[in-house]
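So the structure is just underneath, and the comments pick up after that.
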Amino acid sequence: MAAESESFNCDAWAARDPSGVLSPYRFSRRTVQLTDVSLRITHCGVCYADVVWTRNKHNDSVYPLVPGHEIAGVVTEVGSDVDGFKVGDHVAVGTYVNSCRDCENCNSFLENHCSKFVFTFNGVDSDGTVTKGGYSSHIVVHERYCHKIPDGYPLEKAAPLVCAGITVYTPMMRHNMNQPGKSLGVVGLGGLGHMAVKFGKAFGLKVTVFSTSESKRDEAISLLGADNFVISSDEKQMESLTNSMHFIVDTASGNHPFDPYLALLKVGGVMVLVGFPGEIRVQPATLNLGARSLSGSVTGGTKDTQEMINFCAANKIYPDIELIKMDYINEALERLVNRDVRYRFVIDIESSFR
């Protein structure tokens with residue numbers, strides 16, 4: 001057993017069963033192939049997806065399960081056919097690590113919509129192996145799914161960009177939510193919502209945050225720079241904003257009504273859903289009478305992801321994080337379930353595995 005353990009090349013933390021409790025684990029990553037990049041992971045963001053799959057909420061978890069799909073690190077080795085990266089580069093890896101690279105979506109840099117899209121963890125890769133994520137000391141991926149982090153951008157801040165950041169940036173760009181002077185509503189003020197506020201302000205939008213919690217008012221306005229804050233359960237406040245919004249980004253995953261938000265949109269306005277509530281119920285008249293649109297979105301393609309990272313670096317946009325060590329992860333996941341984080345946990349992987 002000792003000899004077998006010594007043959008493993010990657011340190012990690014994994015869940016062994018649906019309790020979701022993580023503990024130290026060792027396994028082996030594949031050797032670097034011609035088009036691969038190997039990186040030493042320095043930081044990994046903590047996403048609610050880590051809770052979902054470590055606890056088998058979708059009944060498809062494969063144990064031992066190593067979560068984590070907000071990965072930042074330093075390149076340590078590249079395959080002989082790799083020309084976009086070199087040893088020492090700072091890079092990020094997001095929610096997926098493979099796709100067919102040959103379909104219409106891949107050819108349009110919409111790899112996140114490829115039918116053979118492979119999740120960074122708990123996915124089945126093209127060789128039949130189950131992928132293991134960023135709660136680990138290193139990872140090997142095809143160069144297409146690596147993203148350069150510009151010089152000077154902190155690695156711990158870069159990690160959440162490749163899930164929380166790109167998840168809101170992609171639909172905002174798709175629906176032209178970058179027009180200065182227009183109005184944006186952001187539903188929910190968690191990891192995704194706070195990034196939507198930051199992007200909205202960077203685009204020159206007038207940003208209103210909708211929340212069920214009065215306690216978030218000060219941080220929304222004073223910390224994140226939102227222009228307005230509304231308690232979504234207050235009917236008078238909501239009605240006062242009828243037909244006032246050009247755009248809404250809905251980041252809430254709990255069940256909630258949609259008509260009150262859609263009614264806030266101007267004629268032709270767009271509301272984008274990036275969370276996963278249990279169901280969506282909408283009165284047709286709410287959409288039809290205002291020519292309003294309700295759209296969905298999930299993560300982003302490789303081209304958009306690199307563009308988003310570059311935009312954040314150029315405009316000094318940084319996620320607000322709480323840096324933790326790996327041995328705090330079980331407590332962190334509980335706090336995430338209880339919405340007790342401002343606004344993203346990031347694991348200091350590098351110092352955790354020394």
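Heads up: numbering here begins at 1 and tracks the sequence.
Hydrophobic clustering keeps Val186 apart from Met245 (ILVMFWY residues linked when any side-chain heavy atoms are closer than 4.5 Å, directly or through intermediates). A continuous path of ILVMFWY side-chain contacts below 4.5 Å connects Phe258 to Val230, so both sit in one hydrophobic cluster.
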Working for side-chain contact (heavy atoms from CB on, under 4.5 Å), residues Lys266 and Arg292
CA-CA 8 Å; Lys266 291 176 176 286; Arg292 302 176 177 106; over 6 Å; no

Test side-chain contact (heavy atoms from CB on, under 4.5 Å) on Leu287 and Leu262; report intermediate values, then the result.
CA-CA 7 Å; Leu287 292 175; Leu262 288 165; 4.0 Å; yes

Run Phe311 and Phe203 through side-chain contact (heavy atoms from CB on, under 4.5 Å) and show every step you take.
CA-CA 11 Å; Phe311 180 81; Phe203 293 147; 3.4 Å; yes

Could you go through the side-chain contact (heavy atoms from CB on, under 4.5 Å) check for His194 and Val197 one step at a time?
CA-CA 5 Å; His194 97 289; Val197 173; 5.6 Å; no

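You'll find the side chain of Val51 reaches within 4.5 Å of the side chain of Val337, heavy atoms only. With contacts defined as side-chain heavy-atom distances shorter than 4.5 Å, the pair Thr54/Leu22 qualifies. With contacts defined as side-chain heavy-atom distances shorter than 4.5 Å, the pair Asp36/Val78 does not qualify. Contact of the Val141 side chain with the Ile71 side chain is not registered, since no non-hydrogen atoms from C-beta on lie closer than 4.5 Å. When side chains are defined from C-beta on, His90 counts as touching Leu155, because their heavy atoms get closer than 4.5 Å. Side-chain contact check for Cys146 versus Val93: some heavy-atom pair is nearer than 4.5 Å. Within the 4.5 Å cutoff, side-chain heavy atoms of Ile41 are placed close to those of Ser136.
Here CE of Met172 is found 6.5 Å from CE of Met177. Values are rounded to the nearest 0.5 Å. The CZ atom of Arg339 lies 11.5 Å from the CG atom of Leu189; values are rounded to the nearest 0.5 Å. Between the CG atom of Leu39 and the CD atom of Glu77 there is a distance of 11.5 Å, given to the nearest 0.5 Å. A distance of 6.0 Å separates CG of Asn338 from CD of Glu334, quoted to the nearest 0.5 Å. Note: Arg29 CZ to Cys10 SG = 4.5 Å, rounded to the nearest 0.5 Å. Taking CZ from Phe353 and CG from Asp348, the interatomic distance works out to 10.5 Å, rounded to the nearest 0.5 Å.
A salt bridge links Glu214 and Arg217; the closest N-O separation between the charged side-chain nitrogens and carboxylate oxygens is under 4.0 Å. A salt bridge links Asp320 with Lys198: the distance from a Lys NZ or Arg NE/NH1/NH2 to an Asp or Glu carboxylate oxygen falls below 4.0 Å. Checked for salt-bridge contact, Arg26 and Asp11 meet the test: a charged N lies under 4.0 Å from a carboxylate O. Taking the charged nitrogens against the carboxylate oxygens, Arg174 and Asp304 have no contact shorter than 4.0 Å, which rules out a salt bridge.
The backbone N or O of Val207 sits less than 3.5 Å from a side-chain atom of Asp227, completing a donor-acceptor pair. The closest donor-acceptor contact from the side chain of Tyr145 to the backbone of Ser99 lies under 3.5 Å. Under the 3.5 Å distance criterion, the side-chain polar atoms of Tyr343 are left unmatched by any main-chain donor or acceptor of Leu192. Using a distance-only test at 3.5 Å, with no hydrogens or angles considered, no donor-acceptor pair links the side chain of Thr208 to the main chain of Phe229. Put simply, the side chain of Gln33 gets close to the backbone of Thr31: a donor and an acceptor are under 3.5 Å apart. Of the possible polar contacts, none joining the Glu156 side chain to the Leu323 backbone as a donor-acceptor pair under 3.5 Å is found. Distance alone, capped at 3.5 Å, is enough to place a donor-acceptor pair between the Thr42 side chain and the Ala72 backbone. Here the side chain of Asp259 pairs a donor or acceptor atom with the backbone of Gln283 at under 3.5 angstrom.
Exactly one of Ile347, Val21, Asp327 qualifies for a side-chain contact (heavy atoms from CB on, under 4.5 Å) with Trp13. That residue is Asp327. A salt bridge (Lys or Arg N to Asp or Glu O under 4.0 Å) with Glu322 is found for one member of Lys157, Arg344, Arg335 and no other, namely Arg335. When Thr167, Ile166, Leu161 are each tested for a side-chain contact (heavy atoms from CB on, under 4.5 Å) with Met195, only one passes: Leu161.
The minimum heavy-atom distance between Glu70 and Val46, with the atom names listed, is OE1-N, 3.8 Å. The two atoms that bring Gly134 and Ile349 nearest to each other are O-CD1, 3.6 Å, heavy atoms only. Taking each heavy atom of Asp89 and Lys148 in turn, the nearest pair found is OD2-CE, 3.9 Å.
For Ser108 and Asn105, the side-chain atoms include no donor-acceptor pair closer than 3.5 Å. In this structure, a donor-acceptor pair under 3.5 Å is present between the side chains of Ser23 and Arg16. Side chain to side chain, Thr302 and Glu111 meet the donor-acceptor criterion of an N or O pair below 3.5 Å. Side-chain contact check for Ser215 and Ser213: at least one donor-acceptor pair (N or O, by modelled atom type) lies under 3.5 Å. No hydrogens or angles considered: nothing links the side chains of Asp50 and His69 as a donor-acceptor pair under 3.5 Å. Neither side chain, His138 nor Thr76, offers a donor N or O lying under 3.5 Å from an acceptor on the other.
In terms of the ring-ring contact (aromatic ring centres under 6.0 Å, His included) criterion, His43 has no residue partners (sequence neighbours excluded).
Note that Lys132 lies in the cation-pi zone of Phe27, set by a 6.0 Å cut-off to the ring centre and a 45° limit from the axis.
Annotation for Asp81: atom CG counts as buried by contact number, over 12 foreign heavy atoms lying within 6.0 Å. Annotation for Arg30: atom CZ counts as buried by contact number, over 12 foreign heavy atoms lying within 6.0 Å.
In this structure, Phe210 and Tyr261 have perpendicular ring planes: the angle between them is above 60°, well past the 30° mark. Note on ring orientation: taking the six-membered ring where Trp is involved, the planes of Tyr153 and Tyr318 are tilted (angle from 30° to 60°).
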Please list every donor-acceptor pair under 3.5 Å in which a side-chain atom of residues 112-121 meets a protein atom from a residue at least two apart or in another chain.
residue: Asn112; atom: OD1; partner: Gly301; partner atom: N; Å: 3.2
residue: Asn112; atom: ND2; partner: Val298; partner atom: O; Å: 3.0
residue: Thr120; atom: OG1; partner: Gly94; partner atom: O; Å: 2.5
residue: Thr120; atom: OG1; partner: Thr95; partner atom: O; Å: 3.2
residue: Thr120; atom: OG1; partner: Tyr96; partner atom: N; Å: 3.0

